[in-house]
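The figures here come from the full heavy-atom set of this structure, side chains too, leaving out hydrogens, waters and symmetry mates.
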Amino acid sequence: MHVQRMIIPQHISRVLSRAMRVRGEERIQTVSELVTALFEQHTTHMEHPKGSTQTIPIQHVPRQRTQSRQMPQQTREEEKPKNKTATIIGWTVLVIVLLLSVFLLYELFSGPSDSNNDSSEDKVISSDDADGVDSEVFVYSTTVATPKVTDAESQSEYGYGAIMPNVVGLEYNTVVKQLGEDFTIKAEYYYSDVDDKDVVKEQSIPEGTDFDPSLKNELVLKVCAGPENVSVPDFSGLSKKAYLELLDSYNIKYKVVTDFSSSVSAGYVMATSVNVGNTVNVKNGDVLTVTVSAGLVTTTTTTTKATEPKPDTNTGSSSETTPAPAVVPAE
């Protein structure tokens, strides 16, 4: 037996009673059917099976509910637009939240593009010292995605296509070998007793700057030329070629003269205008005179020999002495 509470509307009580019937064919079968029945305005009287016992409750409506039913029709009509506006705002917020969720999920699970990795090309620049022990390596990419620039940045000084690496601290010859095809490289030398010789100190194009290798931009490198005052190296046992190459490595200017030597073979250095160990100022352009042996000095020996008298050849013939004829007595 179903007992209706006084605060529950009659049509809702009837729907719930139907949903809880003992026989399955008489019950409401689906949730959507239950929802539809609950929100449906029932005006017809519910029919009961013949012979069934029903309890008709006496419903006492509270005074407040009676007063709410007597609310003016105009007030109810004013509440309808408010409810409609709230519903629209709620659906709009829900749609925005769903779109943001989808976007975040896409960004989270989408991996990086492989096309940029496949088309990228890296260059490696290494610098070794004279002994081949210490080395410096840096990598820079020559393929860069097309940047999004504004109108003011569209006219780039160096173009686009690659990124300028950092070459400070590398040997000048190494930089020329690796970047000579992408830039027009010029060197500005300076003298220093602290910095290493032939090492790049500054670069005109800053690191990380975009540039176009096909434009052959001018790259000015500030390179250390070594100390200002250089000691004259020892020439003992060195040939002319070997000693001049040594002077070139020290940036010492020189001129060559030749002379004969009593002890140094031809083609070898025998003297310098500045003694070995003393310094010359390469910044001021001091010139070192190098004397090369033209060969050993040769001594001439004079030998005197005794001569025998030669026969007189004025008559053209030799004279002979004949004996006197013998005298025979007469008879």
Open item on the list: Restricting to side chain to side chain donor-acceptor pair (under 3.5 Å), what partner residues turn up for Asn217, sequence neighbours left out?
Closed with: none
- [ ] Kindly give the cluster partners of Leu98, where membership spreads through any ILVMFWY side chain lying under 4.5 Å from a current member.
- [x] Trp91, Leu94
Task: Distance in Å, Asp212 CG paired with Tyr158 OH, rounded so as to fall on 0.5 Å steps - done: 13.5 Å
Open item on the list: List the residues meeting side chain to side chain contact (heavy atoms under 4.5 Å, CB included) with Ala266, not counting sequence neighbours, and say none if there are none.
Closed with: none
Open item on the list: Are Ser293 and Met270 packed together at the side-chain level, in the sense that at least one heavy-atom pair is separated by less than 4.5 angstrom?
Closed with: yes
TODO: Give a yes or no on whether the backbone of Gly180 and the side-chain of Lys216 come within a donor-acceptor separation of less than 3.5 Å.
DONE: yes
Open item on the list: To the nearest 0.5 Å, what is the distance between CZ on Arg21 and CD1 on Ile28?
Closed with: 9.0 Å
Task: Nearest heavy-atom neighbours spanning Leu34 and Ala19 - done: CD1-CB, 4.3 Å
Task: Pair Lys201-Asp195, side-chain contact (heavy atoms from CB on, under 4.5 Å): steps then yes or no - done: CA-CA 8 Å; Lys201 182 68 174 180; Asp195 297 336; 3.9 Å; yes
Task: Sidechain N-carboxylate O distance under 4.0 Å for Glu33, Arg18 - done: yes
Open item on the list: Tell me whether Asn251 contacts the main-chain N or O of Ala225 through its side chain, where contact means a donor paired with an acceptor under 3.5 Å.
Closed with: yes
TODO: Go through the side-chain N and O atoms of Asn281 and Asp286 and say whether any donor and acceptor fall under 3.5 Å apart.
DONE: no
- [ ] Give me the one residue out of Leu170, Leu221, Ile185 that meets side-chain contact (heavy atoms from CB on, under 4.5 Å) with Gln203.
- [x] Leu221
Open item on the list: To the nearest 0.5 Å, what is the distance between CG on Asn284 and NZ on Lys253?
Closed with: 10.0 Å
Task: Any donor-acceptor N/O pair, Ser17 side chain to Ser13 backbone, under 3.5 Å - done: no
Task: Ring centres under 6.0 angstrom apart (Tyr160, Phe211) - done: no
Task: Between CG on residue Leu219 and CG on residue Leu179, distance to nearest 0.5 Å - done: 7.0 Å
TODO: Consider only side-chain heavy atoms of I, L, V, M, F, W and Y, link residues closer than 4.5 Å, and tell whether Phe39 and Ile12 are in one cluster.
DONE: yes
Open item on the list: For Val223 versus Ala187, what's the shortest heavy-atom pair and its separation?
Closed with: CG2-CB, 4.2 Å
Task: Hydrophobic cluster membership, Tyr189 vs Val200, 4.5 Å side-chain cutoff - done: yes
Open item on the list: Between Leu16 and Val31, is there shared hydrophobic-cluster membership here, with clusters defined by ILVMFWY side-chain heavy atoms closer than 4.5 Å?
Closed with: yes
Open item on the list: I need the minimum non-hydrogen distance between Ile88 and Thr92, along with the two atoms involved.
Closed with: O-OG1, 2.8 Å
Task: Arg23 vs Arg27, side-chain contact (heavy atoms from CB on, under 4.5 Å): CA-CA, chis, key distance, verdict - done: CA-CA 7 Å; Arg23 296 183 180 182; Arg27 289 197 304 266; 5.9 Å; no
Task: Residue pair Val297 / Phe260: nearest heavy atoms and the distance that separates them - done: CG2-CB, 3.7 Å
- [ ] Would you give the length of the straight line joining atom CG of Asp198 to atom CD of Glu171, rounded to the nearest 0.5 angstrom?
- [x] 7.0 Å
TODO: Using the side-chain hydrogen bond (donor to acceptor under 3.5 Å, both in side chains) rule, collect all pairs that involve residues 258-274, keeping only residues at least two apart or in two chains.
DONE: none
- [ ] Taking Glu107 for its side chain and Leu105 for its backbone only, find out whether a donor-acceptor pair lies under 3.5 Å.
- [x] no
Open item on the list: Using the rule that Ile, Leu, Val, Met, Phe, Trp and Tyr join whenever any side-chain heavy atoms are under 4.5 Å apart, tell me whether Leu108 and Leu100 fall into a single cluster.
Closed with: no
TODO: State the CZ-CD distance between Phe183 and Gln178, to the nearest 0.5 angstrom.
DONE: 13.0 Å
- [ ] For residues Tyr172 and Val199, determine if any side-chain heavy atom of one lies less than 4.5 Å from a side-chain heavy atom of the other.
- [x] no
Open item on the list: Are the side chains of Val102 and Tyr106 in contact, using a 4.5 Å heavy-atom criterion?
Closed with: no
Task: Linked hydrophobic residues, Val232 as query - side chain contacts closer than 4.5 Å - done: Tyr191, Val230, Phe235, Leu238, Tyr243, Leu244, Leu246, Leu247, Tyr250, Ile252, Tyr254, Val256, Val269, Val274, Val276, Val280, Val282, Leu288, Val290, Val292
TODO: Using the salt bridge (Lys or Arg N to Asp or Glu O under 4.0 Å) rule, collect all pairs that involve residues 218-242, keeping only residues at least two apart or in two chains.
DONE: Lys186-Glu218
